[in-house]
Chemist: 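Take a look at this one; I'll ask things after.
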2 protein chains.
Amino acid sequence: MTVLLPSDRPDMTEIVAKVSPPQDFDALRSVILERKGELPKRLTQVAAYALDHPDEIAFGTAASIAISANVQPSTLVRFAQHFGFEGFSGLQLLFRARLRERTSSYEDRLRTLEQDGQALAESTNIFNGFTAAAHRSIDTLSAAVDPAAFERAVDILAAADTIYLIAKRRSYPISSYMAYAFGKLKVRCQLVGTAAGIDDDLLAMASPRDAAFAVSFSPYASESAVQARNLAARGINVVSLTDSAFSPLAECSKEWFEVVEADHAGFRSLSASMAFAMALTVSIAEKRRRG
Amino acid sequence: MTVLLPSDRPDMTEIVAKVSPPQDFDALRSVILERKGELPKRLTQVAAYALDHPDEIAFGTAASIAISANVQPSTLVRFAQHFGFEGFSGLQLLFRARLRERTSSYEDRLRTLEQDGQALAESTNIFNGFTAAAHRSIDTLSAAVDPAAFERAVDILAAADTIYLIAKRRSYPISSYMAYAFGKLKVRCQLVGTAAGIDDDLLAMASPRDAAFAVSFSPYASESAVQARNLAARGINVVSLTDSAFSPLAECSKEWFEVVEADHAGFRSLSASMAFAMALTVSIAEKRRRG
DNA sequence: ATCCATTTGGAATGGACATTCCATGTTGAC
DNA sequence: GTCAACATGGAATGTCCATTCCAAATGGAT
């Protein structure tokens with residue numbers, strides 16, 4: 001069909017081949033981000049997959065990676081060639097090299113962080129403080145939660161018709177994420193605490209076939225405690241999450257859990273509570289699915 | 001020392017073949033050290049090489065490793081079979097797995113948990129899975145965040161008149177918690193994404209003296225991306241938090257951070273993101289306090 | 001010194017792999 | 001609407017690789 005002058009294609013190919021490929025992973029990463037806009041659909045897909053799952057690229061075969069990334073193996077080759085490599089294998093070398101370096105330096109990095117804490121910027125210290133606190137919180141959480149109690153809590157909530165999620169102020173992000181997840185999981189729930197005023201009307205509709213999950217940390221939002229107590233008095237099961245056994249929520253709950261978030265300079269993140277909330281949410285959905 | 005009846009060895013061999021191979025690198029290492037005395041010359045050579053150059057084993061081919069270790073490829077295969085593997089490839093998997101897991105130290109714990117997972121209740125498994133995932137997420141977070149970039153992000157947001165917090169759906173709990181904390185810390189901020197409709201009116205009031213912090217995870221809420229882009233176009237600095245370098249937010253942000261939350265059975269908690277959010281929030285407040 | 005068991009080297013083999021090629025789809029310009 | 005340029009899917013291909021096999025070598029026992 002088309003008449004290609006003998007010199008046309010070979011020249012093009014040669015020029016492309018002459019473009020030297022990135023020499024290390026960081027360089028490759030930069031180039032990919034730089035050019036992602038001008039990449040065709042499938043190559044963009046590969047680019048995203050490569051940066052999001054670098055380990056897979058390092059260890060997998062073209063075929064296995066192709067399946068994970070939902071493309072053809074040939075697309076992987078084309079992708080590599082697009083960035084100046086001879087083939088997919090050449091690109092893969094960079095991902096492997098990265099992994100080698102990563103492993104050798106990881107422990108060092110942690111040690112370095114601790115050593116020159118003084119030299120670092122204030123914000124970096126704060127950042128490190130919060131990640132360390134998060135680690136501790138989660139450790140404490142796994143130690144503090146009794147599996148049997150957790151199981152009972154799941155049973156109670158899985159059996160409920162509608163799950164009322166009660167949380168104010170600092171606990172609100174927890175329940176709002178649970179509400180989001182329950183929505184995705186097709187578990188009926190009602191978030192209480194959104195707009196002041198209508199809360200009590202909402203709760204008035206709760207029946208003993210429903211259940212509630214309340215979250216409250218000190219300083220306790222007394223409103224949550226009152227609402228939980230009302231529900232309990234009307235025969236509605238309440239499960240709660242607090243940061244102290246003295247929480248007013250504890251006494252009116254069928255099951256309650258204590259999460260002590262470690263703090264950094266007096267500020268607490270919600271890392272452990274979030275992990276707990278998700279575990280509870282998914283467990284409930286799973287129990288329902290199994291019937 | 002021990003008297004081997006002629007019939008013993010053949011039996012032994014058969015039994016060894018049936019013995020399941022070590023399941024992880026540490027187990028393999030122990031077994032090798034244990035039996036290195038009774039190994040024939042070439043196999044000892046391989047054993048020494050394997051423990052001294054684990055990375056080579058992980059990435060090399062049987063041929064290339066054979067050359068480095070001064071043995072025949074077939075010796076490598078025999079070595080692997082000696083330890084109960086079907087072939088060299090099986091053994092290589094352990095060396096690769098080791099590299100993957102080195103990056104996150106909590107993998108070990110997770111595996112232990114998984115091993116006796118059968119005995120535990122479903123919900124307990126889920127719970128353990130989420131705490132392990134949270135640990136991993138936070139490890140990844142500390143490795144992924146560049147202190148200098150974090151510092152710059154803090155500068156940008158601390159200098160802002162009002163901080164606009166943009167987040168929808170799954171990211172909403174993050175920004176709602178930041179809004180709560182900013183309130184306590186007397187930092188002026190405006191939560192965007194509460195009630196649909198008024199968002200754009202709110203954002204219309206933003207001036208270049210303000211700044212925005214946007215959070216979005218895939219599947220991206222396109223609304224957030226559009227809003228962030230609009231702000232950026234009007235000269236308002238945007239800092240963002242996403243789970244992929246391909247997030248539409250990344251390209252319109254002055255600074256952006258990648259948090260890859262590890263998942264349990266496909267569900268992600270927000271543990272690491274929460275730690276990041278709090279670190280950022282407190283850092284900003286601290287920077288302001290110091291003037 | 002001879003023999004047997006075991007180990008070792010190296011060629012042969014069969015399978016898996018990256019890569020290439022071509023037909024089909026898609027996009028955008030005129 | 002048509003065409004050209006480019007992107008894509010999928011089968012074909014040839015290379016490289018792990019593995020197997022067998023002959024030779026080694027080492028110890030008698």
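A note on names: the letters A, B, ... follow the listed sequences, proteins ahead of strands, and every chain is numbered from 1.
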Chemist: What is the distance, rounded to the nearest whole Å, between atom CD1 of A:I67 and atom C1' of D:dG10?
Modeler: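 Interatomic distance, CD1 of A:I67 to C1' of D:dG10: 14 Å.
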
Chemist: Nearest whole angstrom, please: distance from the P of C:dG15 to the CD of B:E86.
Modeler: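 Computing the B:E86:CD to C:dG15:P distance gives 14 Å.
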
Chemist: Write down the distance between CZ (A:F88) and C1' (C:dT20), rounded to a whole number of angstrom.
Modeler: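 Distance, rounded to whole Å: 16 Å.
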
Chemist: Could you list the residues that satisfy salt bridge (Lys or Arg N to Asp or Glu O under 4.0 Å) with B:R170, not counting sequence neighbours?
Modeler: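 Partners of B:R170 under the salt bridge (Lys or Arg N to Asp or Glu O under 4.0 Å) test: none.
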
Chemist: Tell me the interatomic distance from B:Q45, atom CD, to C:dT8, atom C1', rounded to whole angstroms.
Modeler: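 For the pair B:Q45 CD and C:dT8 C1', the rounded distance is 11 Å.
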
Chemist: So, using side-chain hydrogen bond (donor to acceptor under 3.5 Å, both in side chains) as the criterion, who are the partners of B:S240 when residues are at least two apart?
Modeler: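 For B:S240 the side-chain hydrogen bond (donor to acceptor under 3.5 Å, both in side chains) partners, ignoring immediate neighbours, are B:S253.
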
Chemist: Grab the CD1-P distance between A:I65 and C:dC17 for me, whole Å please.
Modeler: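 After rounding, the gap between these two atoms is 11 Å.
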
Chemist: Rounded to the nearest 0.5 Å, how far does CE of A:M178 lie from CE of A:M274?
Modeler: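 Those atoms lie 10.0 Å apart.
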
Chemist: Identify, with sequence neighbours excluded, every residue that meets ring pair (Phe, Tyr, Trp, His ring centres under 6.0 Å) alongside B:Y164.
Modeler: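 None.
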
Chemist: Please list, one pair per line, the donor and acceptor atoms closer than 3.5 Å that link side chains of residues 56-76 of chain B to other protein atoms, with sequence neighbours excluded.
Modeler:
unit_1	atom_1	unit_2	atom_2	d
B:E56	OE2	A:R100	NH1	3.1
B:T61	OG1	B:A63	N	3.4
B:T61	OG1	B:S64	N	3.1
B:T61	OG1	B:S64	OG	3.4
B:S64	OG	B:T61	N	3.0
B:S64	OG	B:T61	O	3.0
B:S68	OG	B:S64	O	3.2
B:T75	OG1	B:Q72	O	3.4

Chemist: Would you please name every residue forming a salt bridge (Lys or Arg N to Asp or Glu O under 4.0 Å) with B:R152, sequence neighbours left out?
Modeler: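 If we apply the salt bridge (Lys or Arg N to Asp or Glu O under 4.0 Å) test to B:R152, skipping adjacent residues, the hits are B:E255.
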
Chemist: With rounding to the nearest 0.5 angstrom, report the CG to OG distance, B:L241 to B:S216.
Modeler: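 Between atom CG of B:L241 and atom OG of B:S216 there are 9.5 Å.
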
Chemist: Rounding to an integer number of Å, can you tell me how far A:F79 CZ sits from C:dA18 P?
Modeler: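 Rounded to the whole Å, the gap is 16 Å.
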
Chemist: Indicate whether OP1 or OP2 belonging to D:dT20 is found under 4.0 Å from a side-chain N or O atom of B:Q81.
Modeler: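 Checking D:dT20 against B:Q81, a side-chain N or O does come within under 4.0 Å of OP1 or OP2.
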
Chemist: If the condition is ring pair (Phe, Tyr, Trp, His ring centres under 6.0 Å), which residues does B:F88 pass it with, not counting sequence neighbours?
Modeler: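 With sequence neighbours excluded, B:F88 shows a ring pair (Phe, Tyr, Trp, His ring centres under 6.0 Å) to no residue whatsoever.
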
Chemist: Using the 3.5 Å cut-off, write out each protein N or O paired with an N or O of nucleotides 22-27 of chain D and the distance between them.
Modeler:
none

Chemist: Rounding to a whole Å, what distance do you find between B:H82:NE2 and D:dT20:C1'?
Modeler: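 Distance check: B:H82 NE2 to D:dT20 C1' gives 17 Å.
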
Chemist: With sequence neighbours left out, write down each residue that passes salt bridge (Lys or Arg N to Asp or Glu O under 4.0 Å) with B:R268, or none if nothing qualifies.
Modeler: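 Checked B:R268 against salt bridge (Lys or Arg N to Asp or Glu O under 4.0 Å); zero matches.
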
Chemist: Under the rule for salt bridge (Lys or Arg N to Asp or Glu O under 4.0 Å), what residues qualify as partners of B:E258, not counting sequence neighbours?
Modeler: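 In terms of salt bridge (Lys or Arg N to Asp or Glu O under 4.0 Å), with neighbours along the sequence ignored, B:E258 is linked to A:R29.
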
Chemist: Can you name the side-chain hydrogen bond (donor to acceptor under 3.5 Å, both in side chains) partners of B:S273, sequence neighbours left out?
Modeler: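 side-chain hydrogen bond (donor to acceptor under 3.5 Å, both in side chains) list for B:S273, sorted by chain: B:E261.
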
Chemist: Check DNA chain D against residues 68-76 of chain A and give the residues with a non-hydrogen atom under 4.0 Å, in numerical order.
Modeler: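 The answer is A:Q72, A:S74, A:T75.
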
Chemist: Under 3.5 Å between N/O atoms: give me all the protein pairs with nucleotides 15-17 of chain D, atom names plus distance.
Modeler:
none

